[in-house]
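Quick note on labels: first sequence line is chain A, next is B, and so on, each numbered from 1.
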Amino acid sequence: MKLRKIFHIGCPIFILILCCFGYYFAPNDPHSVDMANRLVQPCLKYPLGTDILGRCTLSRLLYGGKATIGIVTLGCLCVAVLGMVIGLLISRSKDKQGVLFESVLNAVTAIPPIAYLIIFIAAWGNGILTMLVSITLSLFLRLIKLVKTRAEIEMSRAYVMCAITSGAGRLRVLFWHILPNLVSDVVRFICLSCADMVLAIVGFSFIGLGLGDNVIDWGSMVSDSHQMMLSHPGLTFYPVIFIFLSTLSFHLLGRAASKGGDYYA
Amino acid sequence: MNAKQWRYVSRRISVMIFSLLFVTLLSFMLMRLSPVDPAAAYVMRNSPIVTDEQIAEARIELGLDKPLAIQYVTWIKDALCGEFGNSLASGKPVLMELSKSIPVTLCVVAVSAVLMIMGVLLFGCLQYLTRESLTGKLLTVLSIIGISIPPFYLAILFIQYFAFRFNFISVTGNVGLMKYLPAALCLSICGIAFYSQMLAGSLEREMNEDYSFFARCRGLKEERILFFHALPHAVTDLVPNFVQMIGLCLAGAAIVERVFSLPGLGYLIIDSVVNRNAPVIHASVLFLAIMLVLLDLAATILQWYLRRDIRTEEAK
């Protein structure tokens, strides 16, 4: 049972690390164009063949995850830490200020993250920075709202009362007693949003609003090769497999987190 | 409606208006922070040679020389009168372009919402009924795959196989429902996979509630309890969340619309991003936000009507 649990959590994390840092193992330079070897079948030099410009598919696949998964995990880690701290800190204010803040929060989170992505792309054009900022901003506010609501529920539980009567201070109650109860929810939220964001980023780069001209990513690989889907199915299929594996791992991590929460409860 | 309820409603509406203001302000401020100068982009599109005087002229013509606050207030004033200016790319009024594209998006999303409702009810119940057997496990795996697969891949697969291989549908020239069905189908897979899982979980919880136990004691059949007692409760839990999900589809439709070349709202936004077409961007962002906020309001109202416990808490 314990081994199975490690497997359930370890496998997705391993896949994500592979997606993120796989470019260290790339056999060829992903940018180097080899016009003599266009669209070759898999061979020893090019383990998964080459694309229409003679670039090594495997190297491009391994480099492709760097930007997408990097943006998503970096953004979400910042969001998770900061959002949790700020959400907890403001969950106590019940005065006029709190009501105002809550209305602002409600107003801002009425727009889903993917819409923010569209708005940011609309205003800033596409690029790594745009994606990173829009993801961080939209998820940050959502997470604050989640943490605030959950913390308010926890606040009325008996154990908080006990902690307060035994003399625990405000910060100790928040970070020592309440925080551990929120972790599984937060991890679940972060994982599910990561999966959504990977799909959104890849989707936008598929329709031509990618991460920039020189950045390799899976979405633009699919859009470059989907015309040749019937003659060279691999060129489309491999990037999609990688996209699929990374979103799947985020989903599995999210599921594991929510199950972990059930054990505690 | 008593005073408390009125206060609640008015607070919701003010939150809604604030959210619209926030989004439009965001699109204005980001536009200003953008590395590309809209005036320069405008001149570059219209004439082959770009001079500094031309850019300065365009800046005055587009009203970009005034401070941002004044630009924003003028835009809001015009928008309240339904005046959004002309598109920089085609020269036609923005409102006309929007009125062409919004119905397309709404149709796609409406068809996919109908598909989602049918799919979720079907697969959710199926999953609950087969939860112990191999079929149930298979359905769980399938739904996880369904969430993780990128919708645009489904779309290109759909075009490749159904249109090219089997000539099942034609890619262009469809009329009526068939025009929107392929896009809606690709859009709805993810929602079906996600919500059928949730519905199955919710059903399992409801079937262990006291009222189902009471129904069992009265000698009702399991199927009758499932469909007439547990299902309505489970559905009411999901409905508000589902309405918000439709809002998400509205934004997510951009990608699928592009693959199927449907001239919807997302298509318009992306087109104007490529062309740096500021009036269209601002107006379509506003309309997207209006639709999202309305759906969010609908979700809140539904939640409020369907779930008595929230209503009593608000009344306290």
For B:Pro151 and A:Leu199, the nearest pair of non-hydrogen atoms, with its separation, is CD-CD1, 4.5 Å
Note: vs chain A, highest number of non-hydrogen pairs under 4.5 angstrom among B:Ser19, B:Ser148, B:Cys190 is B:Ser148
Here the pair of heavy atoms bringing A:Val240 nearest to B:Tyr153 is CG2-CD1, 3.2 Å
Those residues at least two apart in sequence (or on a different chain) that pass salt bridge (charged side-chain N to carboxylate O under 4.0 Å, His left out) with A:Arg188 are none
What one should report as the nearest heavy-atom pair of B:Pro150 and A:Ile243 is CG-CG2, 3.8 Å
Under 4.5 Å to a heavy atom of chain A? For B:Leu20 that would be neither
Against chain A, residues from residues 280-298 of chain B with at least one heavy atom under 4.5 Å, in numeric order, are B:Ile281, B:Val285, B:Leu288, B:Ala289, B:Leu292, B:Val293, B:Asp296
The interface call for B:Glu257 against chain A, heavy-atom contacts under 4.5 Å, is neither
Whatever's closer than 4.5 Å to a heavy atom in chain B on A:Val202 counts as both
NE2 of A:His251 to CD of B:Gln197, rounded to nearest 0.5 Å, is 10.5 Å
**Report entry** Full working for side chain to side chain contact (heavy atoms under 4.5 Å, CB included) between A:Thr247 and B:Ile147
**Finding:** CA-CA 8 Å; A:Thr247 39; B:Ile147 307 170; over 6 Å; no
Residue set satisfying ring pair (Phe, Tyr, Trp, His ring centres under 6.0 Å) with B:Phe152, at least two apart, ordered chain then number -> A:Phe206
One should read off an interatomic distance between A:Leu248 CG and B:Ile149 CD1, to the nearest 0.5 angstrom, of 10.5 Å
Applying a strict 4.5 Å limit to non-hydrogen atoms, the region of B:Ile145 in contact with chain A is both
* Given side chain to side chain contact (heavy atoms under 4.5 Å, CB included), test B:Ile156 with A:Thr236 step by step and report yes or no. => CA-CA 10 Å; B:Ile156 56 177; A:Thr236 320; 4.1 Å; yes
Okay, A:Tyr116 and chain B: the region with an atom under 4.5 Å from a heavy atom over there is side chain
Residue set satisfying ring pair (Phe, Tyr, Trp, His ring centres under 6.0 Å) with B:Phe242, at least two apart, ordered chain then number -> B:Tyr195
